*Asks:* 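Before we start, here is the structure in question, set down as structure tokens.
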Number of protein chains: 2
Amino acid sequence: MSRKPADELSRRERQIMNIVYARGEASAAEVQSGLPDAPSYSAVRALLAILVDKGQLKHRSEQGRYIYAPTRRRSHVGRSALRRVLDTFYEGSLEKAVAALLQGSEANLSPEELARLSELIEQARKEGR
Amino acid sequence: MSRKPADELSRRERQIMNIVYARGEASAAEVQSGLPDAPSYSAVRALLAILVDKGQLKHRSEQGRYIYAPTRRRSHVGRSALRRVLDTFYEGSLEKAVAALLQGSEANLSPEELARLSELIEQARKEGR
DNA sequence: CACCTCATGCTAATAAATTAGCATCATGAG
DNA sequence: CTCATGATGCTAATTTATTAGCATGAGGTG
């Protein structure tokens, strides 16, 4: 079992990475406001520095303050995270996962989204032939 | 931003929960063998005890040893984890996530799975009308 | 029944994560 | 130019997580 980068992150570090990935990039203050049970500004900056050290984040200076962004591409990390969820909860099956989401009582997909999804699947079927 | 249960777990605790969810249930030894950089058997048992304490796991005695299982239903936790990934990496869009997986170079879906997926989508479209 | 094996419950020590405070430096206003 | 504002880089302390060892008890075997 190979160890994924996410396995190396502590609780707070993970929370922060989630926020940064969700936003694309963020300042220390923005990260702080996104954290549950937010600690001091100091604490947040310390964690951010650690993440930079670990190579998870990079920062650029903009208007006198640091803006943090992930070093690894969102698309890669996202796919990997998605796979992990599929493996952990759905035997690795995308089908089961989609079924679970669609069955959720909470209506979540617009007709347009469903249509586009359908389109995607059909296309994959043709190409996969 | 409400704090999800997964936010309360430490690195090792999370790894263990993933293993248990993936297997459905597991003994201490099984958990240990599934952990990357596996620590001592003692350490694993200590973590398991903590998880029971936190209400994440329950255990039953079977053939003289404990078998651990999650207290919360796999389907619930899985949906929640899936949603989190969608929110963090795909703007909450299932469509984008599926597209990302399908475009992955690594062929991953069998024609049968694609067919069933297609079926699921169509059904959702009809019901959603 | 006596013994061997294996799992548990505790206790304790070490390592890592999390937090905060302070001195310093840059920026923009007056 | 001088000052007020806000961000940074350190340093240090505390809390939490992680790890391992040991004594005890249950169960099965000869």
Side-chain angles (χ1 to χ4, degrees), chain A residues 1-21 23-71, chain B residues 1-21 23-71:
Chain A
M1 191 155 281
S2 74
R3 95 193 70 120
K4 306 218 170 189
D7 271 358
E8 300 299 301
L9 299 182
S10 69
R11 176 178 136 266
R12 279 299 199 200
E13 289 169 356
R14 206 166 358 103
Q15 292 176 349
I16 290 177
M17 289 308 294
N18 281 343
I19 291 172
V20 177
Y21 271 116
R23 305 186 50 124
E25 57 178 39
S27 67
E30 288 168 340
V31 167
Q32 182 185 27
S33 72
L35 282 176
D37 292 304
S40 72
Y41 184 67
S42 249
V44 174
R45 282 187 306 110
L47 268 309
L48 285 168
I50 290 174
L51 285 167
V52 169
D53 231 50
K54 290 192 177 179
Q56 294 275 344
L57 292 179
K58 61 190 174 187
H59 60 282
R60 66 174 197 280
S61 194
E62 179 170 297
Q63 293 177 327
R65 68 194 176 167
Y66 286 159
I67 302 292
Y68 295 84
T71 55
Chain B
M1 190 156 283
S2 74
R3 95 194 70 118
K4 306 218 172 188
D7 271 357
E8 301 300 301
L9 299 183
S10 70
R11 176 178 135 266
R12 279 299 199 199
E13 289 169 356
R14 207 167 357 102
Q15 292 176 349
I16 291 178
M17 289 307 294
N18 281 343
I19 291 172
V20 177
Y21 271 117
R23 306 186 48 124
E25 57 178 38
S27 67
E30 289 167 340
V31 167
Q32 182 184 27
S33 71
L35 281 175
D37 293 303
S40 72
Y41 184 68
S42 249
V44 174
R45 282 187 305 111
L47 269 308
L48 286 168
I50 290 174
L51 285 167
V52 169
D53 232 48
K54 290 191 177 180
Q56 294 276 344
L57 292 178
K58 60 189 175 187
H59 61 281
R60 65 174 198 280
S61 195
E62 177 170 295
Q63 292 176 327
R65 68 197 176 166
Y66 286 159
I67 302 292
Y68 295 83
T71 54

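Letters A, B, ... mirror the listed sequences (proteins, then strands); counts begin at 1. Computed from a predicted structure; not experimentally measured.
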*Asks:* Could you check how far CG of Leu48(A) sits from P of dT18(C), rounded to whole Å?
*Replies:*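 Going from Leu48(A) (CG) to dT18(C) (P), I get 13 Å.
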*Asks:* Does the side chain of Val52(B) reach to within under 4.5 Å of the side chain of Lys58(B), using non-hydrogen atoms?
*Replies:* no
*Asks:* Whole angstrom is fine here: how far is it from CG in Leu47(B) over to P in dG9(C)?
*Replies:*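 Roughly 15 Å, once rounded to whole Å.
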*Asks:* Rounded to whole angstrom units, what separation is found between the NZ atom of Lys54(A) and the C1' atom of dT18(C)?
*Replies:* 12 Å
*Asks:* Look at Arg65(B) and dC6(C) and indicate whether a side-chain polar atom (N or O) is within less than 4.0 Å of OP1 or OP2.
*Replies:* no
*Asks:* With sequence neighbours excluded, what pairs up with Gln15(B) under the side-chain hydrogen bond (donor to acceptor under 3.5 Å, both in side chains) test?
*Replies:* Arg12(B)
*Asks:* Students often get this wrong, so: under 4.0 angstrom with heavy atoms, is Tyr66(B) touching a base, only sugar-phosphate, or nothing?
*Replies:* sugar-phosphate
*Asks:* For the pair Glu25(A) and Arg60(A), evaluate side-chain contact (heavy atoms from CB on, under 4.5 Å) and give the outcome as yes or no after the intermediate values.
*Replies:* CA-CA 10 Å; Glu25(A) 57 178 39; Arg60(A) 66 174 197 280; 3.0 Å; yes
*Asks:* For Tyr66(B), which residues count as a side-chain contact (heavy atoms from CB on, under 4.5 Å) partner, sequence neighbours excluded?
*Replies:*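 So Tyr66(B) forms a side-chain contact (heavy atoms from CB on, under 4.5 Å) with His59(B), Ser61(B), Tyr68(B).
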*Asks:* If the condition is salt bridge (charged side-chain N to carboxylate O under 4.0 Å, His left out), which residues does Arg65(A) pass it with, not counting sequence neighbours?
*Replies:*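 Arg65(A) satisfies salt bridge (charged side-chain N to carboxylate O under 4.0 Å, His left out) with no residue once adjacent residues are dropped.
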*Asks:* Ser42(A): what forms a side-chain contact (heavy atoms from CB on, under 4.5 Å) with it, not counting sequence neighbours?
*Replies:* Ser40(A), Arg45(A)
*Asks:* Could you state the atom-to-atom distance from CD of Glu8(B) to P of dA17(C) in whole Å?
*Replies:*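 One finds 18 Å between P of dA17(C) and CD of Glu8(B), rounded.
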*Asks:* Check nucleotides 22-30 of chain C for protein N or O atoms closer than 3.5 Å to its own N or O atoms and list the pairs.
*Replies:*
none

*Asks:* Using whole Å, report how far CD1 of Ile16(A) lies from C1' of dT18(C).
*Replies:*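 Going from CD1 in Ile16(A) over to C1' in dT18(C) covers 10 Å.
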*Asks:* Of all residues at least two apart in sequence or in a different chain, which pass the salt bridge (charged side-chain N to carboxylate O under 4.0 Å, His left out) check with Lys54(A)?
*Replies:* Glu13(A)
*Asks:* By the 4.0 Å heavy-atom rule, please label Ala28(B) as base, sugar-phosphate, or nothing.
*Replies:* nothing
*Asks:* Nearest heavy atom decides the nucleotide; on that basis, is Leu9(A) or Tyr41(A) closer to the 5' end of DNA chain C?
*Replies:*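 Comparing both residues, the 5'-ward one is Leu9(A).
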*Asks:* When you list every nucleotide of DNA chain D with an atom under 4.0 Å from a heavy atom of chain B, which one comes first 5' to 3', and which comes last?
*Replies:*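 Footprint of chain B along DNA chain D, 5' to 3': dA17(D) to dG21(D).
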*Asks:* Specify the separation, in whole Å, of atom CD of Glu62(B) and atom C1' of dT8(C).
*Replies:* 17 Å
*Asks:* To the side chain of Ser40(A), which of dT18(C), dT19(C), dG9(C) is closest?
*Replies:* dT19(C)
*Asks:* Which distance, rounded to the nearest 0.5 Å, do you find between the CD1 of Ile50(A) and the CG of Leu57(A)?
*Replies:* 11.5 Å
*Asks:* To the nearest Å, how far apart are His59(B) NE2 and dG9(C) C1'?
*Replies:*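 Taking NE2 of His59(B) and C1' of dG9(C), I get 11 Å after rounding.
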*Asks:* To the nearest Å, give me how far apart CG (Leu51(A)) and P (dT19(C)) are.
*Replies:*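 Rounding to the nearest Å, CG of Leu51(A) and P of dT19(C) are 13 Å apart.
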*Asks:* How do Ala46(B) and Arg11(A) order along DNA chain C: which one's closest nucleotide is nearer the 5' end?
*Replies:*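 Final value for this comparison: Ala46(B).
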*Asks:* Identify, with sequence neighbours excluded, every residue that meets side-chain contact (heavy atoms from CB on, under 4.5 Å) alongside Ala26(A).
*Replies:* Arg23(A), Glu30(A), Val31(A)
*Asks:* Could you check whether Ala49(A) gets within reach of a base, just the sugar-phosphate, or nothing at all, counting any heavy atom under 4.0 Å?
*Replies:*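 It contacts nothing in the nucleic acid.
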*Asks:* Run the side-chain contact (heavy atoms from CB on, under 4.5 Å) test against Ala49(A) and tell me which residues pass, sequence neighbours left out.
*Replies:*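 Testing Ala49(A) for side-chain contact (heavy atoms from CB on, under 4.5 Å), a comparison that skips the adjacent residues, returns none.
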